[in-house]
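So the structure is just underneath, and the comments pick up after that.
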There are 2 protein chains.
Amino acid sequence: MTPPTPPTAPRTRLTPDQRRSQLLDLGVRLLATRSLDELSIDLLAEEAGISRGLLYHYFGNKHAFHEAVVRRAADDLIAQTTPPTEGEPMVRLLTSITAYVDYVIANHEGYVSLVKAAAGGNESLRAIYEEARDALNSRAFREDANGQILQDTPTTRLVVRGWSAMTEELVLSWIDDPSGVTREQLIEIVTASLPAIVGVIPGE
Amino acid sequence: MTPPTPPTAPRTRLTPDQRRSQLLDLGVRLLATRSLDELSIDLLAEEAGISRGLLYHYFGNKHAFHEAVVRRAADDLIAQTTPPTEGEPMVRLLTSITAYVDYVIANHEGYVSLVKAAAGGNESLRAIYEEARDALNSRAFREDANGQILQDTPTTRLVVRGWSAMTEELVLSWIDDPSGVTREQLIEIVTASLPAIVGVIPGE
DNA sequence: CCACTCTATTGACACTTTTTCAATAACGCC
DNA sequence: GGCGTTATTGAAAAAGTGTCAATAGAGTGG
C-alpha cells in the first residue's frame, strides 16, 4: 500500500547548513501537532521528501535528532522573549513576563510539546530545557544600571525556580480554560506573585 | 556478545499477584532513572529475569504496562499522605504538606517516575497524575466543621494549580540540592506561599 | 511418593521501526 | 563538457514490539 511515488523524485542537493536547517524547522513544526515519540524518522523523512538515511547522516540517530529539535525550539523561545536591557527593574520584569505569556499563547502547541519532551525525556533533553528556563529566570536577577530586583542567594534561586514552574503551569492551564480570567489579570497574578513568594522566605 | 546465560535459567513460578507486584515495583524503580520510552519491554524483562512474553501476558502491551506502573506510583502517593480530617484549617494544610514533603523525600524514585511519566506521557497517563494531584489539592479546599481555607472559585482553583506545580518543583529541586535550606524552612516556604499567592489575585 | 492437572511461563516467529553503509548522482570547478 | 567532491539514496541488518502454541513448576488426590 505504498502511495504511488512519483516515478523517481528528482533528488535535490543542498548545502549541509541549509539541509540541517530545513530538517530542524520541519521537526519543530511537526512537533507542534504530535508528541516527541510520535515524531518518527519515517514521518520526518517523508514530510521532508528525503530518504531516512539522510537524517542519520546529519544527526546520527533518532535521539540526537530529537535533542536538536528541542534545542531549536528552546532557542526560539529565548530569542523571541528577550527582555529590554533598560528601564525600571519591575517594568523590565513585567515586559519579560508579558513576552513569555504572549509567546506561549502564540505557540501553544509547540510550547506544550517542548515542555512535554523535556519533562518526560532523559537527562540530556531535560538539561536543554533547564538551560532555557535558567535563561528566563536569570532575567529576574539581572543587574544593570537600575539595580536588580532580587538578591541572588541559593534560597532565592530555589524559590524563583518554583515560581517559574508555577508560571508555566498557570499560563498553560489558563490557555486550556481561562474561566473568566483575562490575559491582563493572568499577567498581573504571575508578576505580583514573584515578590509575594520571595517575601515568604524565612529570615535567617 | 551475549553474556553466558546460565545453561537454562531455572524458571520460577509465582502467583499472578506476586508476579504483577514484582514487575510493577521494578517498573517504578527503573523509570526513576530513565525516560518512559527508554523503559522497554526488553529491558524490563531482562532486569526481572523473565521472558518478554510474560510481560505481555500480564499487561497486554507496552502502553498498558506503563499505565499500570504510573497508577501504582500514584496510588502509593495518595495512600501514604492521607491528611487529617479534623483540626484548624491551617494546621491541616501544614500537616498535609508535611506528609507530602516527607513522602517525596522517602520515595524520591517513585515520585520522580510519576512526575516524569505524567509530564511526558499521553492523555491517559496525565489523567492518572492529575487525579492524584487533585486529590492532594482538594485538601486545601475541603470543607469540614472547622470551615475551609480557601474560597472555591475558578480563579482560586487556577492559582492553586500553579501553587501545586511550584510545590512540586521546590521539593524536587530541594532534594537535588538543599543548598542550606532545612526541611522545616522548605515546608514553611511552601505553606506560607499558598496564602501569599492567593492574596495576589486581583479583586473584581 | 508418584502421577496428574492446572496454568504460569517460555521461545520461536511475524511485523514494525531504527540504523548502517556501499553505491549513486548532483553541483561546482577547471 | 568532463571530473572530483560529497550530498543523497536504497537495500539490508539490527533492535523493538506483539502473538501464540508448546513447556514445565507446584500443589493435589490417590
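Hydrogens, waters and symmetry mates play no part in the numbers below; they use all other heavy atoms, side chains included. Each chain gets a letter, A, B and so on, in the order its sequence line appears, and its residues count up from 1.
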For [X] and [N], what is the distance between atoms [atom1] and [atom2] respectively, to the nearest whole Å?
| X | N | atom1 | atom2 | answer |
| --- | --- | --- | --- | --- |
| A/Phe59 | C/dT20 | CZ | C1' | 18 Å |
| B/Ile50 | C/dT10 | CD1 | P | 6 Å |
| A/Leu44 | C/dT17 | CG | P | 15 Å |
| B/Glu38 | C/dT18 | CD | C1' | 15 Å |
| B/Leu14 | D/dA24 | CG | P | 18 Å |
| B/Arg19 | D/dG25 | CZ | P | 13 Å |
| A/Gln18 | D/dT8 | CD | P | 9 Å |

Sugar-phosphate, base or nothing in reach of B/Thr15, heavy atoms under 4.0 Å: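 Contact class for B/Thr15: none.
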Sugar-phosphate, base or nothing in reach of A/Tyr58, heavy atoms under 4.0 Å: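 Contact class for A/Tyr58: sugar-phosphate only.
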Quick one: side chains of residues 20-31 of chain B, donor-acceptor pairs under 3.5 Å with protein atoms, not counting sequence neighbours, listed by atom name and distance.
unit_1: B/Arg20; atom_1: NH2; unit_2: B/Tyr58; atom_2: O; d: 3.3
unit_1: B/Ser21; atom_1: OG; unit_2: B/Arg72; atom_2: NH2; d: 3.4
unit_1: B/Gln22; atom_1: OE1; unit_2: B/Arg19; atom_2: NH1; d: 2.7
unit_1: B/Asp25; atom_1: OD1; unit_2: B/Arg72; atom_2: NE; d: 3.2
unit_1: B/Asp25; atom_1: OD1; unit_2: B/Arg72; atom_2: NH2; d: 3.0

Ignoring hydrogens and angles, state whether a donor on the side chain of [X] or [Y] is under 3.5 Å from an acceptor on the partner side chain.
| X | Y | result |
| --- | --- | --- |
| A/Asn122 | A/Ser124 | yes |
| A/Thr81 | A/Arg139 | yes |
| A/Ser164 | A/Thr167 | no |
| A/Thr98 | A/Thr95 | no |

Footprint string (nucleotides 16-22 of chain D, 5' to 3'): B base within contact, S backbone only, - free, heavy atoms under 4.0 Å: SBBB---
A/Glu169 vs B/Arg133, salt bridge (Lys or Arg N to Asp or Glu O under 4.0 Å): CA-CA, chis, key distance, verdict: CA-CA 13 Å; A/Glu169 176 68 34; B/Arg133 203 161 74 168; 3.3 Å; yes
A/Glu109/A/Arg34 salt bridge by N-O under 4.0 Å criterion: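 Looking at A/Glu109 together with A/Arg34, the answer is no, because their closest N to O distance does not fall below 4.0 Å.
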Between protein and nucleic acid, restricted to nucleotides 2-6 of chain D and to nitrogen or oxygen atoms under 3.5 Å apart, what atom pairs and distances do you find?
unit_1: D/dT6; atom_1: O4'; unit_2: A/Arg13; atom_2: NH2; d: 3.3
unit_1: D/dT6; atom_1: O2; unit_2: A/Arg13; atom_2: NH1; d: 3.2
unit_1: D/dT6; atom_1: O2; unit_2: A/Arg13; atom_2: NH2; d: 3.4

Identified side-chain hydrogen bond (donor to acceptor under 3.5 Å, both in side chains) partner of A/Arg157 from the options A/Asp152, A/Asp134, A/Asn137: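 For A/Arg157, the side-chain hydrogen bond (donor to acceptor under 3.5 Å, both in side chains) check succeeds only for A/Asp152.
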Nearest-0.5 Å distance that lies between atom CG in A/Leu125 and atom CZ in A/Arg71: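 If I round to the nearest 0.5 Å, the distance is 9.0 Å.
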Those residues that, when tested against B/Phe65, pass ring-ring contact (aromatic ring centres under 6.0 Å, His included) (two or more places apart):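 Partners of B/Phe65 by the ring-ring contact (aromatic ring centres under 6.0 Å, His included) criterion, ordered by chain and then number, come out as B/Phe59.
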ring-ring contact (aromatic ring centres under 6.0 Å, His included) contacts touching residues 152-172 of chain A (sequence neighbours left out):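 Sorted pair list comes back empty.
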For DNA chain D, the residues among residues 21-32 of chain B that have a non-hydrogen atom under 4.0 Å from it: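 Listed by number, there are none.
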